[in-house]
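Step one of this worksheet: look at the structure below.
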Amino acid sequence: MSEREQGLKDGGEGAVHTLESAGVRVWKDAPAREGRYNPQEIEPKWQARWAADPELYAAEPPTSGKPKYYVLEMLPYPSGQLHMGHVRNYAIGDALARYKWMQGANVLHPMGWDAFGLPAENAAIKNHREPREWTFSNIAAMKVQFDRLGLAYDWRNEITTCLPEYYRWNQWFFLRMYERGLAYRKKSKVNWCPQCATVLANEQVIDGRCWRHEEQIVEQRDLEQWFLRATRYAEELVEGLETLEGWPEKVRTMQRNWIGRSEGAEVGFAVEGSSAEVRVFTTRIDTIFGATSLQLAPQHPLVAGFAAADQALAREVDALVAQQAAAREAGDLGAIEKHGVATGRYAINPFSGERVPIWVGNYILADYGTGAIMSVPAHDARDYEFATKYGLEIRVVVVPAAGQASGQVPVELPYLADEGVLSDSGIYDGLAPVEARQLMSDFARQRGFGTETVTYRLKDWGISRQRYWGTPIPMLYCERDGIVPVPEDQLPVLLPANVAITQEGGSPLAKVPEFVNATCPRCGGAARRETDTMDTFVDSSWYFYRYTSAHDDKAPFDTRTVAYWFPIDQYIGGVEHAILHLIYSRFWTRVMRDMGLITNDEPVARLFTQGMVIKGGAKMSKSKGNVVSPNEMITRYGADAARMYSLFAAPPDRDLDWQEDGVAGVSRFLGKVYRFATRHAEQAASAALTLPAVLTGEEQAVLRKLHQTIARITEDFEDRWHFNTSIAAIMELVNTLNAAEPAVEAGRLSPPVLRHVLDRLLLLLAPFAPYLSRELWEVTGHQDGLLRAPWPAYDPALIAAEEMEFPVQINGKLCTVIRIGTGADEAAFEAAALADEKVQARIAGRQVVKIIVVSAKMVNLVVR
RNA sequence: GCCGAAGUGGCGGAAUUGGCAGACGCGCAUGGUUCAGGUCCAUGUACUCGCAAGGGUGUGGAGGUUCGAGUCCUCUCUUCGGCACCA
């Protein structure tokens with residue numbers, strides 16, 4: 001290891017550290033030894049040494065006997081600039097990786113580039129730069145920033161998703177999915193962003209607007225698109241959430257809502273005078289006797305038939321469609337003013353045999369459930385609103401308690417509660433809604449007009465993008481053979497270079513004849529290539545598997561190596577990926593499992609979502625002009641200070657308000673550490689490794705503080721992840737050491753104790769400030785590297801004190817503190833409290849009713 | 001509307017199980033060091049009454065449980081995040 005051979009130092013042996021008389025302060029006495037903390041000198045020095053050893057952060061192969069630990073931060077998009085959110089994200093992951101190395105784990109800590117995507121094309125349009133060239137120059141620039149930050153990545157397994165060696169496997173997976181019926185093509189209404197000039201997945205549409213262009217309303221277009229059948233795994237994706245105990249509850253809830261599982265029943269209503277039926281989805285089949293209309297989405301297939309024979313109706317339906325489109329574009333479909341129109345047709349309620357009017361409603365969604373509902377105004381808020389507006393009958397069929405008919409009980413409408421009993425519901429009267437649902441759906445199934453069913457909000461994943469800078473979809477269209485997959489041995493389908501990229505829209509690849517024109521592998525005739533590329537979320541759905549063997553050219557990854565490393569022990573990233581990336585990758589993992597490539601069901605055992613970095617109460621953004629540049633921070637204060645501040649200023653899961661004065665404060669602290677260590681370096685380097693058998697009071701106090709600190713930080717790493725308090729604890733320790741300076745000077749704090757403390761201080765600091773701790777590790781005479789130095793153990797015996805202070809309360813209010821031995825029993829506590837002068841003064845003339853002693857905690861006197 | 005998180009000094013935040021509220025840092029104040037300072041050191045810093053000793057108040061608000069509540073319970077207000085005619 002290069003650290004070792006470079007870790008030389010002129011040693012402590014020749015150093016003569018003479019202390020002047022006890023009255024002289026050491027730091028005044030030894031200014032030459034007490035250096036000035038200069039990160040601009042220290043950091044480049046170690047950066048160069050570390051760069052010389054590419055194996056430094058290398059993970060060991062699965063044959064390693066150590067416990068494995070896969071820690072991963074979400075890979076960045078190579079925009080060219082790191083921002084503070086990245087620094088925070090990587091500072092967390094890097095601290096954890098370094099801690100785990102020190103704990104003796106086999107750590108996998110890789111990094112890569114999510115390198116396909118729209119900004120590269122925008123740069124091409126704006127600055128006439130080739131996307132590939134632009135992307136790679138950005139990667140180079142960002143890698144310099146990564147190195148400056150001193151992040152411990154195993155770059156041997158770097159991945160870059162825009163390289164054919166990576167994206168060929170996207171194509172390979174696509175073909176496998178096509179074979180399994182998991183990838184399919186269909187014409188569909190798609191979300192179209194005019195600014196991106198491409199299709200967006202549902203997940204990329206936020207309130208009817210583009211996720212990249214807040215101001216851009218998303219349009220609906222009809223296009224032939226490739227889809228991945230995510231819905232096939234909907235049930236498993238919901239169920240799997242229950243097993244993800246290491247995930248934030250918030251993220252699990254968001255995913256659960258997104259998948260939107262809903263149990264209910266589908267019921268067919270025969271259309272009067274027709275062989276057709278209207279199938280409705282309902283979660284409240286128990287209220288079916290209260291259905292006083294059916295409501296169809298304007299796009300429902302039956303509606304077109306009704307409208308064909310009725311021009312007035314057709315016009316009304318068109319109006320409803322337009323209203324819906326307008327609401328969708330305004331981003332508040334939820335607030336749409338309800339409108340509807342009666343079709344003049346009727347359907348038959350299969351339970352009651354009643355005629356029910358068929359309406360078309362603008363509040364009915366065509367793409368959820370069956371696109372049709374039974375309207376039960378008495379027991380559904382929306383139906384109630386609609387029925388009231390249009391004067392439709394409102395029939396109460398669930399009442400709060402047994403033995404009461406609807407007419408006798410004032411029921412506040414709509415009555416939405418699931419409690420009570422059915423009424424006016426034929427043979428089901430008197431049943432609880434839950435029981436009724438079961439019996440009624442059983443009945444519907446037996447009679448063949450209905451079935452229990454589960455509906456999901458989750459839709460299949462549309463992955464076609466009419467863009468250039470992405471993975472070509474490996475499909476061919478042959479006039480004779482139709483859709484033909486590209487044979488596996490012809491992969492990768494390379495993305496051609498030098499393609500004209502304009503803002504016009506349509507796939508840029510369609511304008512490249514050399515790309516489009518191909519040969520059909522079946523008939524040998526002419527075929528046309530698919531010119532759409534894949535959504536870049538495909539790239540990130542499985543990238544973390546590739547890190548385990550990033551340059552394998554026979555397979556996407558080595559199955560056995562993946563089995564060793566997966567699931568990821570700790571994944572760290574922004575909460576903004578809670579849905580998109582994290583659902584897609586859970587889906588992809590299951591697909592790969594069903595292909596027999598992996599055995600894990602879930603990719604990530606523990607997920608951590610860090611808070612945003614904000615400034616002045618707002619998210620950093622160019623438009624707000626509150627962006628802080630990591631480069632500037634590193635130049636001004638050093639990478640250690642920038643990293644450490646990002647961990648210190650707030651607990652990692654909360655938003656962090658960036659205050660530059662705070663960075664300066666951390667830098668000051670590092671300076672204190674530097675001065676203390678350099679001041680005592682020679683003394684410590686030459687000291688014995690074993691602690692003296694008899695310790696002075698000051699030595700005990702310092703050692704106690706040290707071991708308390710070790711305990712706190714170890715605990716923070718293991719459970720709480722409150723690195724802000726870890727760093728505060730280190731600061732307290734350093735403050736204690738500085739305060740003990742007179743004791744050092746007076747010889748009451750011996751060199752072996754100093755060495756013991758200083759060594760461990762540097763070990764504790766190593767995950768947070770890798771440069772400074774490494775520098776001082778060298779300065780204090782250590783020959784070996786710090787990266788894999790063992791994490792310090794804490795000694796409970798050194799933490800224990802003989803005597804401590806405990807509070808004494810009177811009627812629950814603090815009165816004073818008493819000093820008493822830690823082993824004292826309750827009686828001793830009581831006696832000590834009562835003997836205290838202040839306590840006596842307070843209780844004089846009053847009656848002590850009760851004395852509560854919490855051993856080794858406190859005493860409370862209840863007086864009257 | 002539904003779900004979730006959070007409200008503590010001038011600021012970021014601490015208080016792990018109900019047991020000394022405000023650790024640590026910033027800022028500020030005073031003093032010192034320095035040719036100089038985006039330097040370093042020391043002391044102080046929740047609010048309030050008081051020259052002081054000492055007292056009172058205090059964790060969004062109102063109640064409650066308890067010897068004791070920032071922490072538990074009930075109600076309520078505010079902020080942020082997610083979802084939202086999803087039948």
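Distance from the side chain of A:E715 is smallest to B:U16 among B:C26, B:U16, B:G12. Among the nucleotides B:G19, B:U39, B:C24, the one closest to the side chain of A:V854 is B:G19. In this structure, the nucleotide among B:A15, B:G19, B:A87 sitting nearest to the side chain of A:S262 is B:A87. Out of B:G38, B:G68, B:A87, the shortest distance to the side chain of A:F281 is found at B:A87. Between B:A87, B:C67, B:C20, one nucleotide has an atom nearer to the side chain of A:N860 than all others, and that is B:C67. The listed nucleotides are B:G82, B:G13, B:G55; the one nearest the side chain of A:R842 is B:G55. Nearest to the side chain of A:A728, among B:A23, B:G25, B:G19, sits B:A23. Here the nucleotide nearest the side chain of A:M731, chosen from B:A87, B:G27, B:G25, is B:G25. In this structure, of B:G12, B:U16, B:C67, it is B:U16 that holds the atom nearest to the side chain of A:R720. Taking every side-chain heavy atom of A:N735 into account, B:G25 is the closest of B:A14, B:G12, B:G25.
Contact of the A:T609 side chain with the A:W247 side chain is not registered, since no non-hydrogen atoms from C-beta on lie closer than 4.5 Å.
B:G81 is paired with B:C3 under the criterion used here, namely a Watson-Crick or G-U wobble arrangement in which both key atom distances are under 3.5 Å. Across all strands shown, B:G25 forms a Watson-Crick or G-U wobble pair with B:C11, both key distances being under 3.5 Å. Applying the Watson-Crick and G-U wobble criteria (two distances, each under 3.5 Å), B:A62 pairs with B:U74. Pairing of B:G18, defined by two Watson-Crick or G-U wobble distances under 3.5 Å, is not identified with any nucleotide. Look at B:C40: its Watson-Crick or wobble partner, with both distances under 3.5 angstrom, is B:G32. Nucleotide B:G50: unpaired (no Watson-Crick or G-U wobble partner with both distances less than 3.5 Å).
Nearer to the 5' terminus of RNA chain B, by closest-nucleotide assignment, is the contact made by A:P651 (compared with the other of A:P651 and A:L861). Looking at which nucleotide of RNA chain B each of A:E732 and A:D367 is closest to, the 5′-most match is held by A:E732.
Under the 4.0 Å criterion applied to side-chain N and carboxylate O atoms, A:K389 and A:E337 are assigned as salt-bridge partners.
Residue A:N724 places none of its side-chain N or O atoms closer than 4.0 Å to OP1 or OP2 of B:G25. Considering only side-chain N and O atoms, A:K813 lies under 4.0 angstrom from the phosphate OP1 or OP2 of B:U57.
Between A:S293 and A:Q295, the side chains place a donor N or O and an acceptor N or O closer than 3.5 Å (distance only, hydrogens not considered). Using modelled atom types and a 3.5 Å distance limit, the side chains of A:D380 and A:S375 yield no donor-acceptor pair.
Taking atom CH2 of residue A:W258 and atom P of nucleotide B:C2, one finds them 21 Å apart after rounding to whole Å. A:Y368 places its OH atom 12 Å from the C1' atom of B:A84, with the value rounded to the nearest Å. In this structure, the CZ atom of A:R457 is 13 Å from the C1' atom of B:C2, given to the nearest Å.
Under the 90° criterion around 0 for the glycosidic angle, B:G9 counts as syn.
Donor-acceptor pairing under 3.5 Å, judged by distance alone, is present between the side chain of A:Q809 and the base of B:G19. One donor-acceptor pair, N or O on each side, does fall under 3.5 Å between the base of B:G38 and the side chain of A:E660.
Across all strands shown, A:Q295 has no heavy atoms under 4.0 Å from either base or sugar-phosphate atoms. No engagement by A:R256 is indicated, since no non-hydrogen atom pair under 4.0 Å with the nucleic acid exists. Within the 4.0 angstrom heavy-atom criterion, no nucleotide atom of any strand lies near A:A664. Looking at heavy-atom distances under 4.0 Å, A:Y637 makes contact with a base. Heavy atoms of A:I364 sit under 4.0 angstrom from at least one base atom. Among the atoms of the strands shown, none is found under 4.0 Å from any heavy atom of A:E576.
Under a 3.5 Å cut-off, the side chain of A:D383 and the backbone N or O of A:V376 do form a donor-acceptor pair. Looking only at distances, a side-chain donor or acceptor of A:R252 sits under 3.5 Å from a matching main-chain atom of A:L241.
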Exercise. Report the C-alpha distance between A:W359 and A:L296 in whole Å, list the side-chain angles of each, state the deciding distance to 0.1 Å, and finish with yes or no for side-chain contact (heavy atoms from CB on, under 4.5 Å).
Key: CA-CA 6 Å; A:W359 285 62; A:L296 273 51; over 6 Å; no
